[in-house]
Structure formats: C-alpha cells, structure tokens
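Notes follow the structure.
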Amino acid sequence: MRRTVSADAIRLAIPALSLAILLGAVFWLQPRAMSYIGLNLLFNLAVPIALATIAQMLIMSVNDLDLAMGTFVSFVACVTATFLSEEPFFGVLILAGAVAVYAMLGVVIHLRNLPSIVVSLGMSFVWAGLAVLLLPAPGGQAPEWVRTVMTMKPPVAPMAIVASVVIAVVAHFIVMRSSLGVLIRGVGGNQRSVERAGWSVLAARAAAYALAGVFAVLAGISLVGLTTSADANIALRYTLLSIAGVILGGGEFIGGRISPIGAVIGALTLTLAGSFLSFLRISPDWQIGAQGAILIIVLALRLLLNRLENRDKRR
Amino acid sequence: AAMPVSALADTSDKKIALSNNYAGNSWRQAMLTSWDKVTGEAVKAGVVAAADAFTTAENQATEQAAQIQNMILQGYDAIVLNAASPTALNGAVKEACDAGIIVVSFDGVVSEPCAWRIAVDFKEMGRSQVEYLSKKLPEGGNLLEIRGLAGVFVDDEISAGIHEGVKQFPQFKIVGSVHGDWAQDVAQKAVAGILPSLPEIAGVVTQGGDGYGAAQAIAAAKRPMPVIVMGNREDELKWWKEQKDAKNYETMSVSIAPGVSTLAFWVAQQILDGKEVKKDLVVPFLRIDQDNLEQNLAKTQAGGVANVEYTQADAIKVIEGAK
Amino acid sequence: MRMVDRISRAPWIWSWFAAFLVWFATIMVTGGASTLGLSQAALTFAAFSIIVGIGQMFVITLGPGNIDLSVPATMTLAGTVALKLMDVDNAMILPGLITAILIGIAVGITNYALIKALRIPPIIATLSMSFIVQSAAIWTNRGLRIKPPSFLADFTTSTTLGVPNVSLVALVISVIAWFLLEKTIYGRWISAIGQSTPAARMAGIPVDGIRFITYVFCAVLASLAGYLLACFSGGAALNMGTEYLLMSIAVVVLGGTAVAGGDSNVPGIWGASLFMFLVVSMLNTYGLGAGFRLIMTGLIIISVIMLAGGRQPGAR
Amino acid sequence: MPKAIIDVADVKVSFGAVKALDGVSLAIMPGECVGLVGHNGAGKSTIVSVINGGLSPHQGTILGEGELIARFGINAARARGVRCVFQELSLCPNLTVLENTRILHRHLGGLGWRKRAKQVIERSLDTMFPGHGIASDRIVGDLSIAERQMVEIAMAFSDGGIPPRLIILDEPTSSLDASLAEQMLAHVLRFVASGGSVILISHILHEIITTASRIVVMKDGRIVAERPAEAWTENGLVEAMGSVVKGEAHRRAIRDLAEAPVVVEQIGHGIPFRAKRGEIVGLAGLAGHGQTDMLMKLHASSGADWLPRRDPAVTFVAGDRRLNGVFELWSILKNFSVASLGDLASRGVVNADAEVQRAGEWKQRIEIRTPNMANRMLSLSGGNQQKVLFARALATRAPVVLMDDPMRGVDVGTKQEVYEIIRQEAAHGRTFVWYSTEMEEVCLCDRVYVFREGAIVAELAGDAVTEENILASSFTGVAA
Ligand SMILES: Nc1ncnc2c1ncn2[C@@H]1O[C@H](COP(=O)(O)OP(=O)(O)OP(=O)(O)O)[C@@H](O)[C@H]1O
Ligand SMILES: Nc1ncnc2c1ncn2[C@@H]1O[C@H](COP(=O)(O)OP(=O)(O)OP(=O)(O)O)[C@@H](O)[C@H]1O
Ligand SMILES: [Mg+2]
Ligand SMILES: [Mg+2]
C-alpha cells in the first residue's frame, strides 16, 4: 500500500510550523512569556478570534464569503454586555434571532443566487447600525458567568490554551467528523453530486450559515468576557482577521477545502504576530506596516506548501 | 530641565510604556511627538530607564488590549494609556494592575478603578461652546452640530455637553446634526450634504478637527459664514486669522492639548516615585480666544495642532492641586 | 415600448433610480429650495467615489476574488506626499501630480507582484500592502496637514457653468474608462479574463500582463483621487482614505457591475456614487441618528442587489 | 412473470427546441443487463437522468414494480435501489473516499458512521477490484482518474442500508484499462446473475455485446432497435446507430512531409513529440491519459502571458468549452473575434465594422445557425457553440492549431465540412495537432501519437494508423 504523507497533513504542517517558529521567536525575545500567565496573556484574546475564524471558515466551506463578520461580532458583544446580562431571557432570544437571520441569509443567497460578498456587505451596515442603537457609547457589563468562564484558571494549561484546543477539537468534530460537516464540505466541493445523492443543498447551506452564526455569537460573548464591556466598533477588524486566519490555516476560498484545526492555528498565529512585533520594538511609524509584512511572509510560506503538495502529487 | 534630585534615585530603573490606539491624525501625531521629545530628555537625564511608545495597527480596543497584555509581559513598571474605549480595556487594565503595574490613562480614560485618570471634562468642553455663543450672539439662532465617530465615548460626551448648553441657553436650536468622524474631509462632505436643506445657521458647534471642513463647505455653498467653533488645528487657526484680518471674524477654539501625554508621563513617574496621587485628575482644555490667536498660531507647527508640553513641575502642581 | 423594456433591464438603471428617489425625497424637505445646492454638493462629493470606484471596477471585472483593499492607503500616501512636495507652491503642481501617479504605479506593481509571485489571494495581498503603504504615509508626513497650492485649492472647490470642477474631472475619467471598456482591445480582454480566465488564456490573451496593468490602473486612479481630495479638503490627512474602502466596493456593486466579473458598468458607478452621498444627506436631513442611518443604508444595498442581481448563474 | 424494476413509458423530454427524448419506452427486468448504445447526443444520458429521478419528463409515465409512481424523484428512485455512475466525475474532490460514501448513502448516518462507511466501501472495492490499493481515507482529489472511476463504480455497487437493485453505468470504462474493465464487467455479470439489473452505456461495442443480455439502440431521442445481445454483431450495431460508414473514403492521401520543417516540438518522458509544417498530427489513446495536458503544454510554451503578441504562434480549439472555450456573458460575435482582435483593431481600438464583416464571412463559411451574431453565445446549441470556437481559431493567423477533442457534440454534416476545411488549411501549410476520442477522426491524421499514463508510448504513421493498432498500443503501450 503506497501511502505517503497525505495532502491534509502537509496542509496542516505549514501553519503549525509557522506558529511554532513564531512562538520560539517570542520566547527568545521575551522569556517571561514562557509561563502559565505569560501564555495566557499571549493567547487569551485569540480565543474570540479563533471562534470568528471558525465561523468564517464555515461560510467559506460552501464557497461564500462573509464581509459582515466583524460587525456581527460587535453586535453580539453589545447584546451580551446589555441584554444578556440584564435580561438574560431577551438576550438569548435576540442571539437566537441573530442566528436565524444568518440561516436565512444562507437561504436567500442560495435561492436568488446572490453574490454573498454584496449581501454580507449590506448586512455589515445593518449589524453596525443595530450595535450603535444598542450602545451609542461604550459600556455595558459582561454577565458574571461569562467573566467567570473566561478568567478561569484551569490546572496545567492556561485558559487561553485550553479554550483554543477545545474550539479546535469541537470544530474538527463538527466539520470534519460529523455527517453534517461532510455534507457542508460536499456542497463546497461538488454541489451537483450532493444534489444527485438526494440531499437538499439549500438546507446544507442554511445549516452552514446557522452554524457560522452560532460560532460568531460565541466569539462575541467570549470577547465581552475578556474586555468586560462592549462598544459598537469593538470587533470590526475580525472580518479581515477571520479571512486571513482561514487562509493562514490552509483553507481555500473555493472548493470546500478547509481545516478547522488549521483555522484555529491561523488565528493564534495572527495574534502572536502582533505580540512578536511589539516585542521587537519597531518604531511606531512602522508598526502598522510590519503587520502587513508579517502577513505577507507567513502567507508566502503557503507557496512552499503548494510546491511540496504538487511535487507529492506528481510523484 | 530642573529636576528635584530626590526623584532620580527612585525611578531611574523604571520603564514606562505608552499605549496608543491610533496614529492616523495630526492630534495623535502631535501627541506622539511630544511624548518622544519630553520622555527622550527624561531618559537621557536618567529620570526613567525607558519610555517606549506603541501604536496599534488599527483603532480597535481588542488590539489595544493585546498590546497592554504584551506590555505586562515585557515587564514595564507603568503604562500610560490613551484608550480606544473607556470600558473595553478594563479586563486588560485589571490584569496589569494585578501584575503590580501602574496604569495612568489620559484623554481616552478607562473606568477600571485601579487605574489613574487624567481626564478632560468633555461635557464642559461642549457646554462652554454654547456658552461662548450665547455671549457672542445674545439673540440666539440656529446651530449646526458636527459630531465625531458614532459609538465612541468622547463623541457622546461632547454632544451631551452641547445639548446641555442648548438647554441652558434656549435661544439656540440645533437644526442639524452630522457625523464628521473628527476628520476634515468627512465633516466637509457631511456638512455639504445637509446644508442645502438647512435654514440660516448662526453657529456651528464642533468636536475638534472638523471646523475647517465645515468652513470650506459653507463657503462653497456661498452662505453667510456663521460662528464656527474651532478645534485648535493649525489650518483652522490660520483660516480664522485670515477671516479675522479680512472681516474681523470672531470665534473661539477649544480642544485638549496633545501634550497631555507628557503630563501623564510625569504623573506616572511621580506615582512610581512613591507619591500619593489621587485617582482622578483633571486637566483644563486648551482654549484659544480672539486676543491670543496670533500668539498661539505662531507657536503652532504648520499643519499641526496647538500644543502644550508639561514638565515634572507642572505635574506636581496638578497633583498637589487635586489634593 | 421596446426601449422602455431595454432600459429597465440595464443593470445601471437601479442605482440611478434609487439616487433620483433619494434626491427627490431630500429636496422635498425644503420644498425644492435646496435643489441646486444639493445637486452641486452631490456631484462634488460623488466625484471622488467615482474616480476610485472606476479603478476598483476594473479590478473587480477581472473575476471572482479580485479586489483592491489598498485603495484608502494609496489615496492617503499620494495625497500626503504630493502636498508635502508641492508645499503651497503653484509652480510645483505638475511635479506633485506626477509624484502622486508614480506612487500609484509603485503600489500597483507591488500589489500584483504579491498576487502573482507569492500567490497570495488578492484580498489579503492588497490588505497587507495597505498596512505598509499606510505606515509609509505616517512616516513621511507625521500627520501634518499641509495646504494645497492656491491654484489647485481654487480649481477643486469651484465650478464651471455651475458644474463642480472635480465632477468634470470625474466625467473625463469616466469617458476614458468607458472608451477603454467598450471600444478597445484592453476592455475586451479584461472582460474575457473576468468571465473565464482559462478560456482567456487559451484564446491567446496575455492574462498576466492585463491583470498587472489593471491593478496598476486601479492604484493610479486611487492616487489621483487622493491628490484631488487632499487639494479639495484643504490638506491631506492620514485618515482621509478610510471611508473609500467600503465606498469603492459598494459603488461598483450597486452600479450593476457583476461581482463574478466580466461585466462592468460605468454609468452605474455615477448613479451609485450619487446615491451613496445622497442617502446620507437624506437621512441627516430627516434627522435620523447614526444607528438608523446605518441600518437603512444596509437594507437599501441589499434591496438593490436583490432587484438587480441574481441573474447570472454561478455568480458568487 | 416478474415485474419490471422501473418501467418508463412514452417519455418525452425537450430542452428548448432540442427533443432530447421523443417518446421512449423502456422496461428493466430483474436479473438483466441492458446495453444502451447510440451516437453522441442520441439521448442516452437523458433517459438515464429520467430513470434515476434527476429529471422529470415533460410527458410519459414511470412505473415501479408495475405501479404508477406519481412523484418520482431522486429520493424515490434511490429508495428503490436505483444507482447511477455518471458520465462525468461526480464525487466531491475535497472529501475522502469514505466521506463520499457517506454522501451517497443517506442512511449511513448516526454514531460510528465512519466505521460503517469504511466497511461498506472497502467490501465493495475488494470484491470488484481485488488488489486495488485505494485506502478509504484518501482524498478523492488526490486519486488518479482511473482510481476515481473505480471508487465511483464500487460505490454504486455497495450496500449502505438499501441494497442496490438497478445500477446504471454511463460509459464507466472510459478511463479504465483493459484488465480493470474486465474485472468490472465480470462483476456486472455476477451482479446480474444474482438477480440485480444493470443498464450499461458504452461506445466500446464489444463490451456491450459480451456483457449485456439485451441491447437497445437509440437515435435522435428514440429507440430504433432492440434485440437480445446474441442477435447483434458490431457491424449490425453500427448500422442501427445510423453512423456513416467509415472507411477509406475519408482517408486523406498519404503525403510526403519529410522535407517540411518542424514547427512544434515537445520533449518529455516517452517518445518526443514533433509536428511539421502542414501536418495533421493526431493524439490518441484512452481519455484522460495526458493528451489534453500535452496540448496545454504546447500552448503555454508558445503563449504570451505578459505581452500581447503581434503574430500568435499557436491557437487553440477547446473541447471542454464550458471550462476553457466559451465566454458566457458575451455575444456570438465577441466570442468569435476575441482571438483575432489584433487584426481587427488599429492602435488598440477595435474596428467594429471590420469585426462584423469578418464574423459574417465565417458565419457563412462554417454555417453557424443563428439569426444574428449579436445574440448571446448561450443561445446556440452546443454543436453550434463548438463551430464558433472553430471559427475563432481558424480566423487567426496562427500557423499551428491545437484541437482538444473539438468535435464533441458536432453533428455529422458539419463534421464533414470541418474536416474539409482542416484539409484545405493543412494543404496551405497550417499544422494541426488534434486530440480526438473518435477513431474516425484519428484516422484522418497524417501521423498519430498514442498516449498512455501521461506519456507517448507509440507513434503510428501512414497506413499504420488503424483502429486496431491504436487500441492495441493504448492498452499495452507497445507500438504495432
Ligand atoms: N441541460 C440540457 N440543456 C439543453 N440541452 C440538453 C441538456 N441536456 C441534454 N441536452 C441535449 O439533449 C440531447 C441528448 O443528450 P444526451 O446527453 O442524452 O446524449 P447522449 O446520448 O448521452 O450523448 P453522449 O454519447 O455524447 O453522452 C443532446 O442534444 C443534448 O445537447
Ligand atoms: N442552452 C443551454 N443551456 C444550458 N446548458 C446547455 C445548453 N445547451 C447545452 N447545454 C449543456 O451542454 C451539454 C452538452 O451539450 P451538447 O454538446 O450535447 O450540445 P448539443 O445540443 O448536442 O449540440 P448540437 O445540437 O449542436 O449537436 C448539455 O448536456 C447541457 O448540460
Ligand atoms: Mg451521455
Ligand atoms: Mg450533443
């Protein structure tokens, strides 16, 4: 039986490798980071990003793209800091409604064959507006239980690491192991063959969107757990971060080729890249530019990945 | 600079960091420049060991929270903070306090009780604009309000102050309100859009950085020039000067001085030095009037913002004054 | 009758229709007294969205995944550097303009180099690039607002026969863009690439060269818009491009250009740009708060795409 | 007497003006293998779509076990054990073999489905293709074409809750080599012997004759003949299908091109490829064995990706026109002219009049059936779209024309005209590199390269270009 390293393993190896290299560099620059508290500080803000990245990945798995991820997470954060802590019942209702809206977007996009980019662009204005209405000025209060969960100090590994692993495992199970996950990825890979086997592609797409909504809601809630309060602009950059995270983790824009573990690694890498730069003490003028440069460098590694993969295939 | 020798021994091994969330306008750039200048001298003089400035790539509370967490890891003794959000950084600030780090916030202050605040009374800044107008235009009139960025604390505060002022001086009526995002071009665009449908305007109340844009839009619409409250930017002051020379135009200008970062630096240094400092300090905003316009304009860098830099002595005065 | 039928199927008609409705609703507040003022303001400010929008449209026409997120940073860098170079001197207007355009060319070349050589998806490549360009702007200018030369300041803020000069510039650029798209080989080629890159390659079209030129063209238009905007608003600011990121995409898409590529539309950009300005004016005029304004904008965008879109199979 | 598993009666399907099925009745009994043959576009795939529920006929009835099924659809068909292996690949390339099995078998769900799916597919693969060497956790996109086809066939025969009763195989052997095809056909016989039913569609007639129990011949959307397999001969089938008698009549005269200069060359592993000026070079072999790759390589090596070329060196006629031929949003006119814009423009501006005139000439010459060249490309039938692509390539000045099985869906009359044009152009010094899956076309070439597993394994010239020789070398890799 001729079995070489599978393409999937290589797909995962490069992101993991770049994370390891980056982590090594951070430890070298700042040995203090090599501790329970240090790791938590390095990674705890990666938890909501990882969740948002998984959400974006689910949308990308059916060949769509969500440009409203950042504003949606901000909206959820505002709901969490207001309704969810004051009137939990209404809070849950609103969040459930938001997930339903996501599912409906999937339905509309499928039925009317609309470009997801434009629909989500429109939705980004809507979520932003709702968030501003909820919290015209920053404020609100994280619900106590959220705060407790996010600041827990589990033994052995800090919360940030435990949470990242849990997210990766759960997402891996849902997306890579469960029947629903197979179906969703199947839609991304070859919609026709899924149709021919008698499945409803509409339902699969709606499910992918709804699941994405759920993960995005979790991202908003966990974010508020860390920041203790919210504002309408709190997570705007999650849109691009989540897309970059999926790509860094070896996912692709089309074809249903995605990797939840890779996506979490991608989110961690992006967060760590920021810390790495601040430990480097670049002049403030160039700190922003360095973020761009590091994104380019890490992505250029993918070129290497593709070369390796192709060589493997041609063999 | 004249520095009390006693401070030298105590803080010379301390490291202070500036956490800044935005570098994209002249105010923030002036703030960073003042920081560089004043702290550079202080480091050279051996007052503190280091005073590094950090800016996030995007104006986002989450990024700044990560930045603060990194500063904790880097072992800074004090963090001077201009916060993206008064509340969203509380988690990170608390972590810093728990790690024994002094956190001094200024301009954009944080509500976390463990941090110090060098606040500007933004509400008063808004209210005083209307008060000034009531003296200038006793019979009142219509006002156009230019706001900042929706969903941001400072915007809400100044606007609340302005509305309070209008309640106090009911001869004024706000007939239009637009968001200028504290940017000249955005303000210009928003004003140009609403202007055609507005009645005659007696005054424009602003938040800083948007007065010149409003003036441009009003001039383009060939309307009589109302009293526009300015925000200390050099281009605003220059325009005001031109108008003053040509038509004896009168107004006032008010904003927070970017050099307040240096005050925060000295306050942090004093706290590290063991001084007892109240958690809430107030700095006055920097106001320019008809008579001291030329004087201020001369001091302001072309294209910059009217500025005041603080010394250690100033800081001690502010601290003592608060007791 | 057939005429009406044909027009109602033109993709750009929806944006014009929406712009007209909003314009009408706004002038009605003053009983028509604000007609001239509002129209002039709309033409002025739409001009900038039109110029950057046209560049973005060329890129989007190249097919799914093609987009330029470095537009705002390019505008800022070109504006700041050009104004610094001109330093209020009327004699330096031309060198300033040339510098702005050179900056656009450099950004465009780097963008495509990242896309092609490093195979980074355009959305990420241009985003990374925008960070670097923004840093360069901060580094060169440190946030100072330098005034434009008086001739440029006058030119950009005044009107000719009641029509704002900047909108005349936009008109000239639009006519050129329309001519390129409709009449030249280049226009045929980008449309072909957008419909099917493999088919374009097999038809002998120099795909890489054309994509490269298009990215450069987009960046040059962005830098030109930055130059004009800086002169118009009395100085360049580090954040002056920010709102043109979403704007440039929104006007393209609302204007009836296919997101899936291959089909572009110059008149639609005008309708959409006027609409985007007027809708904010209308909501401001009616005194709506920022929250409702945003929600309305979003819902209107979705409605327009529902009316105009959904015709092409396989559109993404 | 046993009842038919599926019985379609008087089914009609039309796509616009095309009558794909014009009153077809077909009953499939348990324990029989029905062979279905017919020319391209005869309606074979369409009747298959009707039987497996993917397409509801515009007219006609469908009976299952003798009962009328009112709402026949994909799920109703699957519930009756109807399975289908489609002509084109219909697996999800991003999923593993066992995940694809999961997609196919809707009832495989629940905890531990992976284990069950693995068992299901591996049992089936092991029975059909012993020693196949395909691990069930490999991603389908990483498999070779033959492996994919094996997986797809094995999946159709697998039992994931609902046992298969009727299996439709639409050209299943097109990418399998002789021994794998034999293994598969042997399994079909076993399956039929155990009471299952099979519909077998193939253009390889001896397969049909040896495997099927009954053979149905279709032509232009109708069933024109139906007899037990023993009653058919290959020639009889060909005649019934209404194909033109192929023979030496179409054979071009053997020309001496020894003196002509070599215009394209490609050296890889295997025999080097060379084509001379004025030569028609055929690429043969089983589908998907590297012929299209070779054409792409030839195109890429002389193509211009960065700068436009004044004089194009090669031009290309697509076979997979959806993928790399047609520009869907455009008119016929623009589709035609896109490759020769350089000749129709001055200083980069397209001369609209010249364009219309040139298109008019080609419309006449190659008989594109449309009232107006300004109509959308997709308003044309597939064959006519193909003609436009031909015209596009021939209208350029490129001395070498690469053709990627370009006659798919082109009707017989047009084919003859195109052959004639190719002959003329070759006589004027144009070189044609022609990949074709149709033997008749391959036999028109001066010289033929036979491909196997991505390499050229044989070169046949002149009289040696015969069907037997080509078949022999494509399976054994030895030049005759
Ligand atoms: N979706 C469709 N739209 C339009 N026409 C179609 C469609 N599907 C099939 N046809 C037409 O119906 C006719 C029958 O096609 P079908 O695919 O059944 O032929 P076939 O016998 O399977 O041919 P081949 O041997 O090439 O596979 C053809 O003329 C084809 O072009
Ligand atoms: N008008 C159409 N719209 C959508 N799909 C089409 C159309 N015409 C053809 N197709 C697709 O192309 C496939 C192949 O078509 P094919 O080449 O068999 O055309 P054709 O009808 O046989 O051509 P001709 O009538 O010229 O022989 C069809 O099965 C169908 O899926
Ligand atoms: Mg078929
Ligand atoms: Mg056909």
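We name chains A, B, ... by the order of the sequence lines, and we start the count at 1 in each one.
- Closest approach of A:A33 and B:L73 over heavy atoms only: CA-CD2, 3.9 Å.
- Only the backbone of A:L226 has a heavy atom closer than 4.5 Å to any heavy atom of chain B.
- Residue A:L277: no heavy atom, backbone or side chain, is found under 4.5 Å from chain B.
- Between chain A and the options B:G75, B:S111, B:A84, the largest number of non-hydrogen pairs under 4.5 Å is found for B:G75.
- Listed options A:N44, A:L29, A:L42 were ranked by heavy-atom pairs under 4.5 angstrom with chain B; first place goes to A:N44.
- The distance from the CD1 atom of B:I72 to the CG atom of A:L41 is 5.0 Å, given to the nearest 0.5 Å.
- Among all heavy-atom pairs drawn from A:L45 and B:A66, the shortest one is CD1-N, 3.1 Å.
- Proximity to chain B (any heavy atom under 4.5 Å) is restricted, for A:A235, to the backbone atoms N, CA, C and O.
- With a 6.0 Å radius and a threshold of 12 heavy atoms from other residues, nucleotides or ligands, A:F83 has its CZ atom at or below the threshold.
- Atom CD1 of B:I174 has more than 12 neighbouring heavy atoms from other residues, nucleotides or ligands inside a 6.0 Å radius.
- A distance of 12.0 Å separates CD in B:Q69 from CZ in A:F43, rounded to the nearest 0.5 Å.
- The part of A:A230 that comes within reach of chain B is its backbone (N, CA, C, O), which places non-hydrogen atoms under 4.5 angstrom from that chain.
- Rounded to the nearest 0.5 Å, atoms CG (A:L223) and OG1 (B:T62) are 6.5 Å apart.
- When each of A:R147, A:R237, A:R281, A:Q291 is checked for heavy-atom pairs under 4.5 Å with chain B, A:R237 comes out on top.
- Between the CD atom in B:E112 and the OG1 atom in A:T228 there is a gap of 7.5 Å [rounded to 0.5 Å].
- Counting heavy-atom pairs closer than 4.5 Å to chain B, the top-ranked of the candidates A:A290, A:A232, A:G292, A:P138 is A:P138.
- Taking every heavy atom of both residues into account, A:I234 and B:A88 meet most closely at CD1-CB, 3.9 Å.
- At most 12 heavy atoms of other shown residues, nucleotides or ligands fall within 6.0 angstrom of atom NZ in B:K37.
- Between the side chains of A:N233 and B:Q60, no donor-acceptor pair of N or O atoms lies under 3.5 Å.
- Between the CD atom of A:Q30 and the CD atom of B:Q74 there is a distance of 5.5 Å, given to the nearest 0.5 Å.
- Looking at B:D52, only its side chain comes within 4.5 Å of chain A, counting heavy atoms on both sides.
- We find the OG1-CG distance between A:T227 and B:L89 to be 8.5 Å, quoted to the nearest 0.5 Å.
- Only the side chain of B:D156 comes within contact range of chain A, with at least one heavy atom under 4.5 Å from a heavy atom of that chain.
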